[in-house]
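Keep in mind that this is a model prediction, so the values were computed, not measured. Per chain, numbering begins at 1; letters A, B, ... match sequence-line order.
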Amino acid sequence: MSGLKIYNTLTNKKEEFKPIDPNHVTMYVCGPTVYDYAHVGNARPVVVFDTLARLLRHDYGALTYARNITDIDDKIIEAARREFPGKSQITNEDIKVISEKFAKVYEEDMAALNAKTPTIQPKATKNINEMIALISDLIEKGHAYVADGHVLFQVSTMKDYGALSGRTVEDLLAGARVDVADYKREAPDFVLWKPSSDDQPGWPSPWGRGRPGWHIECSAMIEKNFGQTIDIHGGGQDLIFPHHENEIAQSKCSHGGANLANYWMHNGYLTVDGEKMSKSLGNYVTVHELVDEFSGKGEAIRLALLSAQYRQPVDFSRDGIKQAMKQLDRWYRLTDGVTATEPSDAVLKALRDDLNTPKAIMELNQLAKNDSNKGILKASATLLGLLGQDNWFEAGLSEDGISAVQIEQLIVERAKAKQEKDFAKADQIRSELAEQGITLLDSPNGTTWEKK
RNA sequence: GGUGCGGUGGCGGAGAGGCUACGCAGCGGAUUGCAAAUCCGUGUACACCGGUUCAAAUCCGGUCCGCACCUCCA
């Protein structure tokens with residue numbers, strides 16, 4: 001019994017978390033469509049749910065955390081067309097080249113943010129049969145129909161469709177404003193399976209060669225890995241409708257009304273000047289370039305993302321990352337060589353209150369005020385995925401820049417100059433190092449250095 | 001139009017009826033050959049207008065502003 005409270009999108013309320021199995025929590029978070037580099041906005045759910053995963057493991061012991069990889073999607077097909085401009089047909093193998101490349105980049109970038117690899121990372125193309133089985137079941141149960149090579153889910157067959165996003169079937173039927181594809185019976189119907197032309201990748205199915213719709217993979221993979229109901233389902237707020245709504249429709253209608261997830265959690269957006277960071281707006285920065293820009297210190301990006309509570313928007317700024325960096329510098333200086341003990345109750349309490357990371361950070365600062373709390377500070381920070389790097393101040397040294405040995409030599413030289421009261425030379429060495437981002441710290445016990 | 005989320009000190013950001021977090025920056029001081037780091041001190045802010053209350057940034061009503069989603073768009 002940990003007292004964890006979670007804001008549930010399903011009820012729009014903060015609720016006490018009660019796992020189905022108190023000794024083993026299940027969580028599924030929507031992962032990337034692997035067709036390009038992930039931007040910082042895409043990284044927010046990763047960091048948020050990684051933090052939640054750390055808390056759940058601490059509080060409940062066992063956690064199975066799944067994050068899917070969407071490796072079949074029209075965007076991937078487009079990317080493959082750009083990759084192979086001469087090819088008239090894009091095959092299943094071609095899109096694999098794209099998806100495997102970006103799945104690998106994604107994993108590396110998220111690791112740079114100190115996000116642990118989820119327990120399982122199911123791929124859509126490895127679960128085609130499961131999806132076909134689920135679609136067939138929905139057709140049998142009268143919730144889906146075949147039309148013009150497509151299989152569509154008929155939204156009006158589900159009475160409580162729209163419960164997650166606060167919509168009603170009536171409103172959706174009435175509010176149709178976009179051109180409705182002529183193979184649809186009703187405007188809100190969505191695709192479960194769509195036909196592939198000869199130049200598109202595809203898989204055989206009872207409805208002809210085709211590929212899955214966007215939402216079906218999550219339903220199928222949750223069923224396969226967890227059964228009918230999981231504890232927590234997470235993702236960005238932009239997934240509430242239609243993606244998660246449709247996942248619920250598919251799974252509930254196939255499972256006789258059983259909940260797909262008992263708790264739905266959605267993180268707010270990363271914004272740039274108040275607007276959502278997105279590919280289409282072009283106002284994005286990739287994690288890849290940002291990690292590079294901040295000398296591999298991804299933890300600073302992570303802390304910047306955790307500086308606001310996860311449901312609030314976070315405005316992206318390099319200044320925010322720099323602030324986070326300073327914060328980490330201070331904590332790292334304090335906990336150098338310290339062994340983590342047990343996390344503090346205050347930090348745990350903050351995190352258990354719907355993952356109140358800003359409050360948790362405040363509590364970390366309180367711990368930092370007292371030397372006797374160093375071990376607790378380190379253990380508590382680990383819950384947030386912070387203070388995990390061994391040589392924080394040396395991490396920024398690049399291979400083509402100055403080496404640690406060279407720095408040490410210059411420090412010795414400067415110590416000699418200082419002894420001889422040649423302060424001009426001493427200062428010159430210090431400013432030369434400063435130009436390379438090396439800050440020297442003199443103390444009674446000698447001089448140490450930090451790479452910024 | 002519908003639905004949802006917001007507007008807090010120079011900045012970031014919690015809190016949610018009285019005890020006015022925390023961080024960054026700034027300012028003053030200690031320390032230092034000079035710095036850095038560290039330590040001490042220093043800031044009564046909660047969009048606007050009404051109302052309730054002994055007491056409101058927190059509750060109620062209204063207004064203004066911003067953002068997001070509304071079916072293939074992570």
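- Closest approach to the A:Tyr7 side chain among B:A14, B:C5, B:U71 is made by B:C5 (side chain taken as heavy atoms from C-beta onward).
- Whole-Å rounding puts the A:Lys194 NZ to B:C72 P distance at 10 Å.
- Counting to the nearest Å, the P atom of B:G4 and the CE atom of A:Met265 are 20 Å from each other.
- Within 4.0 Å (heavy atoms only), A:Thr70 reaches no atom of the nucleic acid at all.
- Scanning residues 354-365 of chain A for heavy-atom distances under 4.0 Å to RNA chain B yields A:Asn356, A:Pro358, A:Lys359, A:Met362, A:Asn365.
- Residue A:Glu245 is out of contact with every strand shown, counting any heavy-atom pair closer than 4.0 Å.
- Aromatic ring orientation, A:His215 versus A:Phe190: perpendicular (interplanar angle above 60°, classes split at 30° and 60°).
- Taking atom CG of A:Leu303 as the reference point, atom C1' of B:C22 lies 12 Å away to the nearest angstrom.
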Using a 4.0 Å cut-off on protein heavy atoms (strictly under), produce a 5'-to-3' string for nucleotides 32-44 of chain B with B for base contact, S for backbone-only sugar-phosphate contact, and - for none. -BBBBSS------
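- At a threshold of 4.0 angstrom between heavy atoms, the contacts of A:Gly162 with the nucleic acid are absent.
- The closest side-chain donor-acceptor pair between A:Asn42 and A:Tyr106, if any, does not fall under 3.5 angstrom.
- Distance A:Phe316 CZ to B:G12 P: 15 Å, rounded to the nearest Å.
- In this structure, A:Lys116 fails the cation-pi test against A:Tyr65, since its NZ or CZ atom is not both closer than 6.0 Å to the six-membered ring centre and inside 45 degrees of the ring normal.
- When the P atom is compared between B:U53 and B:A14, the two are found 33 Å apart, to the nearest whole Å.
- The stretch residues 317-327 of chain A touches RNA chain B through A:Gln323, A:Lys326, A:Gln327, each having a heavy atom within less than 4.0 Å of the strand.
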Only pairs under 3.5 Å count here: list side-chain donor-acceptor contacts from residues 269-277 of chain A, not counting sequence neighbours, and write none if there are none.
from, atom 1, to, atom 2, distance (Å)
A:Tyr269, OH, A:Asp238, N, 3.3
A:Thr271, OG1, A:Val314, O, 3.3
A:Thr271, OG1, A:Asp315, OD1, 2.6
A:Lys276, NZ, A:Asp238, OD2, 3.4

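- Contact annotation for A:Leu239: base contact, defined as any heavy-atom pair under 4.0 Å involving a base atom.
- Side chain to side chain, A:Ser196 and A:Arg209 fail the donor-acceptor criterion of an N or O pair below 3.5 Å.
- For A:Tyr332 and A:Glu299, the side-chain atoms include at least one donor-acceptor pair closer than 3.5 Å.
- Separation of the P atoms belonging to B:U52 and B:G61 is 15 Å when rounded to the nearest angstrom.
- Stacking of A:Arg44 on the aromatic ring of A:Tyr310 is not recorded, the 6.0 Å distance cut-off and the 45° axial limit not both being met.
- Across residues 271-285 of chain A, A:Gly274, A:Lys276 each have a non-hydrogen atom less than 4.0 Å from an atom of RNA chain B (numbered order).
- For the pair A:Tyr35 OH and B:C72 P, the computed distance is 16 Å after rounding to whole Å.
- The aromatic ring centres of A:Phe102 and A:Tyr35 sit 6.0 Å or more apart.
- Counting only Watson-Crick or G-U wobble pairs whose defining distances are both under 3.5 Å, the stems of 3 or more consecutive pairs in RNA chain B are B:1-7 with B:64-70, B:10-12 with B:22-24, B:26-30 with B:38-42, B:47-51 with B:59-63.
- There is a side-chain donor-acceptor pair under 3.5 Å between A:Asn8 and A:Glu15.
- Rounding to whole angstrom units, CG of residue A:Leu367 and P of B:C22 are separated by 14 Å.
- A donor-acceptor pair shorter than 3.5 Å cannot be found between the side chains of A:Arg67 and A:Thr117.
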